[in-house]
Number of protein chains: 2
Amino acid sequence: MAHLDRIFHSLSDSTRRAVIAQLAHGPASVGDLAQRHSMALPSFMKHVRVLEESEIVISRKMGRVRMCQLRPDALAVAQGWLERERHIWESRLDRLDSFVETLAEQDNTHGRK
Amino acid sequence: MAHLDRIFHSLSDSTRRAVIAQLAHGPASVGDLAQRHSMALPSFMKHVRVLEESEIVISRKMGRVRMCQLRPDALAVAQGWLERERHIWESRLDRLDSFVETLAEQDNTHGRK
DNA sequence: GGATTAGTTAGCCATATGGCTCACCTTGAT
DNA sequence: ATCAAGGTGAGCCATATGGCTAACTAATCC
């Protein structure tokens with residue numbers, strides 16, 4: 001799934017994660033966002049575009065300012081994948097536990113060593 | 001944090017996600033894992049190494065076979081980050097709601113328009 | 001209307017990524 | 001002792017990524 005690829009790729013850069021973190025507190029202009037990241041504007045804009053292409057951020061231009069905003073449920077897709085995998089993994093561990101318990105019981109029944 | 005960088009980067013490739021998904025069902029050898037991915041072994045091994053370097057997978061060689069295994073709580077780090085951000089984002093939306101409510105109340109008090 | 005602000009476009013550069021082949025090394029089977 | 005299986009290592013290649021500068025456009029301010 002190309003969408004997940006793009007989402008996780010977006011998240012793999014600390015500049016972009018910082019932008020997300022900042023936007024979680026509320027909308028901000030590109031200029032606002034760029035300030036804290038000592039980086040030329042065009043370089044920074046690339047990150048913004050990556051975030052938009054992965055549908056984590058939306059922006060529109062008002063006058064000469066571009067306002068950015070976190071997209072509701074943007075991160076849900078990523079979270080969903082992680083949770084599914086973790087669930088599979090954990091329910092497997094549960095089954096393993098009971099398997100081990102079964103072994104232990106048989107062990108008790110038939111004597112040990 | 002470089003660790004998060006590596007984790008999310010690992011997750012940004014569908015081959016690697018597939019490996020994780022397969023390992024969630026239980027340990028497997030490199031050969032087992034490689035089978036479903038039509039790709040030369042050395043190429044595939046690179047993915048395995050990426051997964052190891054991001055501490056999602058651990059492996060050790062038994063005889064001539066390398067067994068791979070998902071690392072417990074490997075994905076928790078990623079999930080943690082996502083959940084924190086989402087929480088900030090959502091509690092902000094809540095505050096916004098109450099802010100809007102406050103406005104509405106004042107609106108009622110002072111008459112509208 | 002001229003300067004300033006806020007982006008945007010284009011293009012350059014170094015490094016990283018994801019694929020490949022070919023040669024090699026161990027281990028296990030015969 | 002030899003051969004096959006299962007990786008590994010080295011190195012090539014094309015494309016992607018993340019940074020830069022310089023030049024441009026479009027709004028806003030004085």
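The sequence lines fix the lettering, A, B, ..., with proteins before strands; numbering per chain opens at 1.
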Whole-Å distance separating the [atom1] atom of [X] from the [atom2] atom of [N]:
| X | N | atom1 | atom2 | value |
| --- | --- | --- | --- | --- |
| Phe44(A) | dC20(D) | CZ | P | 12 Å |
| Arg66(A) | dT25(D) | CZ | P | 18 Å |
| Leu41(A) | dA23(D) | CG | P | 17 Å |

Which atom pair, heavy atoms only, marks the closest approach of Arg92(B) to Ala24(A)?
CD-O, 3.5 Å
How many angstroms lie between atom [atom1] of [X] and atom [atom2] of [Y], to the nearest 0.5 angstrom?
| X | Y | atom1 | atom2 | result |
| --- | --- | --- | --- | --- |
| Ile7(A) | Glu53(A) | CD1 | CD | 13.0 Å |
| Ile56(A) | Arg17(A) | CD1 | CZ | 11.0 Å |
| Ile88(A) | Leu23(B) | CD1 | CG | 11.5 Å |

Report which part of the nucleic acid His37(B) touches: base, sugar-phosphate, or nothing (heavy-atom distance under 4.0 Å, all strands).
nothing
Output the single nucleotide from dA27(D), dT8(D), dG19(D) whose closest atom is nearest the side chain of Arg64(A).
dA27(D)
Salt bridge check, Arg86(A) against Asp73(B): does any charged N sit closer than 4.0 Å to a carboxylate O?
no
Mind checking side chain to side chain donor-acceptor pair (under 3.5 Å) for His3(B) and listing every partner two or more places apart, or none if nothing turns up?
Glu55(B)
Extract, from 5' to 3' on DNA chain C, the first and final nucleotides lying under 4.0 angstrom from some heavy atom of chain B.
dT17(C) to dG28(C)
DNA chain D nearest-nucleotide lookup for Ser43(A) and Val30(B): closer to the 5′ end is Val30(B)
For the base of dG19(D), is there a side-chain donor-acceptor partner from Lys46(A) under 3.5 Å away?
yes
